[in-house]
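Here's the structure, in structure tokens; my notes come after.
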There are 2 protein chains.
Amino acid sequence: MGIQNFHLTFMLPSINNTFYSGAGPILVAVDCIIFGFDKQRLKLLLFKRKVEPFKNEWSLIGRFVKSDESVYTAAERVLEESTGLSGVFMEQLACYGAEGRDPGGRVISIAHYALIRLEEQEEQAVETYQAHWYEVDKVPPLILDHNDMVADAFSKLRRRARYQPVGFELLPEKFTIPQLQTLYEAIYQKPLDRRNFRKKILSMKILEKLPEKDKSGSRKGAFLYRFDENKYQELMARGVDFEL
Amino acid sequence: MGIQNFHLTFMLPSINNTFYSGAGPILVAVDCIIFGFDKQRLKLLLFKRKVEPFKNEWSLIGRFVKSDESVYTAAERVLEESTGLSGVFMEQLACYGAEGRDPGGRVISIAHYALIRLEEQEEQAVETYQAHWYEVDKVPPLILDHNDMVADAFSKLRRRARYQPVGFELLPEKFTIPQLQTLYEAIYQKPLDRRNFRKKILSMKILEKLPEKDKSGSRKGAFLYRFDENKYQELMARGVDFEL
DNA sequence: TCAAAAGTGTTCAAGTTACACCCATGT
DNA sequence: ACATGGGTGTAACTTGAACACTTTTGA
């Protein structure tokens, strides 16, 4: 994250061995790469900074970690404060700790990525506070090393999708197989064969077919499915080969 | 890492918005999970703490990050200070940032794992300064959350071995195919078929056969091989399916 | 001559890829 | 009636898994 003008005084009294010399002052921040899928495209939530420096530039959302909260809690807080969402899937990506990464001061950032289900109303809602959902392949230049974070998060998502199902986190409860395929095509950034995709995903037996159709995508309509949560969790834990 | 008795005074003058409230004081440390392979077994370098608290208990090696060095540099420094080695493969594992993880204070640690070639003399050398090479499946209880770090590092190494070759980092320049197989068996913790292993690894064409034999492992002796660095780098970059 | 590890090929099963036609529906 | 996307099966190929015997050499 970027820093405003700030000054620190950092004192370490009673330092009596080399163990602590030079420790701090380093500020610890979290930044969130928020992925969303709107049944069509994989998107990323970006924010227009309201404060200097970098005012009006695009960036990820972040905050400083408080000394009485865990890093993970801080990331949850960021997510909640910026989107109102809680309880969503989130995982640590990496720590960005280069010395000169933030010209405003010595700040390291623990980047986290989150996967959320994107409903139409939410997609509009965020616009009101200087945020925008960008398609993953149309991300504008961001401040600091945020473009690196985005690239790393996307590549981690791609790798993760190979050995653990990710659909549950990004899709609404009920979805069609073509929608699921569109999601994977967005993640892998390549077209997949309809018949093979269906065969593979059904062979995992994590989908429950519902007696309803979603007709928003075609005249004929596509059957809705739901994840079988137990089997899904089992696959998540075990780790599956989901090479496509 | 663990902390001795310490007190901090942390002042943030001219805080004029919520952006900085509660920021710090958090100390940033790095800990290193150091893997070594001695042609037989995969080992982990552990240290007996010389200072309170946790004096004489086993732990990973770590240090605080200085404010004028990058996190990665700090990890390199730790490695160099504790083993004398530099230029070895090292990669960030994760940030451990739970609030109460270190009873001595608010410290987060960016864990890194390193892979090094283990020569016999080194294996002895470290003993002199309260360190010991433990086999990966015989790691003793460690301080703080260090056992978690070890488990996570080992699991990351296993996953990494599936899509990027790791042998180059852990083996001496010249090695035999049975040695390489032993390494993979140690990583995956399961026996592999000799014929299939040889077939697969040779089909990648990253090995160069030398006209020498290593007779240390058998009467007959096994041919020595060397990695073709160019092709190896190419595979590292591209990422290969090295499922075994 | 024998013990111990190195080296080598083939068969079978499973999984992945490629590919084309009919179906249901709203307009 | 037609345009649009949904749904299905099969054949060729590739890949991974299983498996046993011969070779070399030092003691």
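Throughout, protein chains are lettered first and strands after them, A, B, ... in sequence-line order, and every chain is numbered starting at 1. Every heavy atom of this structure was used, including side-chain atoms; hydrogens, water molecules and symmetry mates were not.
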Worksheet item: Who pairs with B:Glu80 by side-chain hydrogen bond (donor to acceptor under 3.5 Å, both in side chains), at least two apart in sequence or on another chain?
Response: none
Discussion item. A:Tyr134: which residues meet the side-chain hydrogen bond (donor to acceptor under 3.5 Å, both in side chains) condition with it, sequence neighbours left out?
Written reply: A:Trp58
Find the distance [X]:[atom1] to [N]:[atom2] and express it as a whole number of Å.
| X | N | atom1 | atom2 | value |
| --- | --- | --- | --- | --- |
| B:Lys213 | D:dT24 | NZ | C1' | 6 Å |
| B:Asp214 | C:dA5 | CG | P | 14 Å |
| A:Ile201 | C:dT16 | CD1 | P | 12 Å |
| B:Lys190 | D:dA18 | NZ | P | 10 Å |
| B:Ile177 | C:dT8 | CD1 | C1' | 12 Å |
| A:Arg198 | C:dT17 | CZ | P | 18 Å |
| A:Phe197 | C:dG15 | CZ | C1' | 17 Å |
| B:Leu192 | C:dA6 | CG | C1' | 17 Å |

Output all residues satisfying salt bridge (Lys or Arg N to Asp or Glu O under 4.0 Å) with [X], sequence neighbours left out; order by chain, then residue number.
| X | result |
| --- | --- |
| A:Lys231 | A:Asp228 |
| B:Glu173 | B:Arg226 |
| A:Lys205 | none |
| A:Lys215 | none |

Worksheet item: Considering residues at least two apart in sequence or located in another chain, which fulfil the side-chain contact (heavy atoms from CB on, under 4.5 Å) criterion with B:Ser59?
Response: B:Arg49, B:Ile143, B:His146
Worksheet item: Got a minute to check which stems DNA chain C is part of, using Watson-Crick or G-U wobble pairs under 3.5 Å, three or more consecutive?
Response: C:1-27 with D:1-27
Worksheet item: Quick one: do the A:Thr176 and A:Asp214 side chains pair a donor with an acceptor below 3.5 Å?
Response: no
Worksheet item: Would you say the side chains of A:Glu185 and A:Gln181 form a donor-acceptor pair under 3.5 Å?
Response: yes
Fill in: Interface with DNA chain C, restricted to residues 215-224 of chain B and to heavy atoms under 4.0 Å
B:Gly217, B:Ser218, B:Arg219, B:Lys220, B:Gly221, B:Ala222, B:Phe223
Worksheet item: What pairs of residues pass the salt bridge (charged side-chain N to carboxylate O under 4.0 Å, His left out) test when at least one of them lies in residues 151-160 of chain A, not counting sequence neighbours?
Response: A:Glu91-A:Arg160
Heteroatom pairs (N/O) under 3.5 angstrom, protein to nucleotides 9-14 of chain D:
residue : atom : partner  : partner atom : Å
D:dT10  : O4   : A:Lys199 : NZ           : 3.0

Fill in: Non-neighbouring partners of A:Tyr72 that pass ring-ring contact (aromatic ring centres under 6.0 Å, His included), sequence neighbours left out
none
Discussion item. Quick check: on DNA chain D, is the nucleotide nearest B:Arg194 upstream (toward 5') of the one nearest A:Gln179, or the reverse? Name the residue that is more 5'.
Written reply: A:Gln179
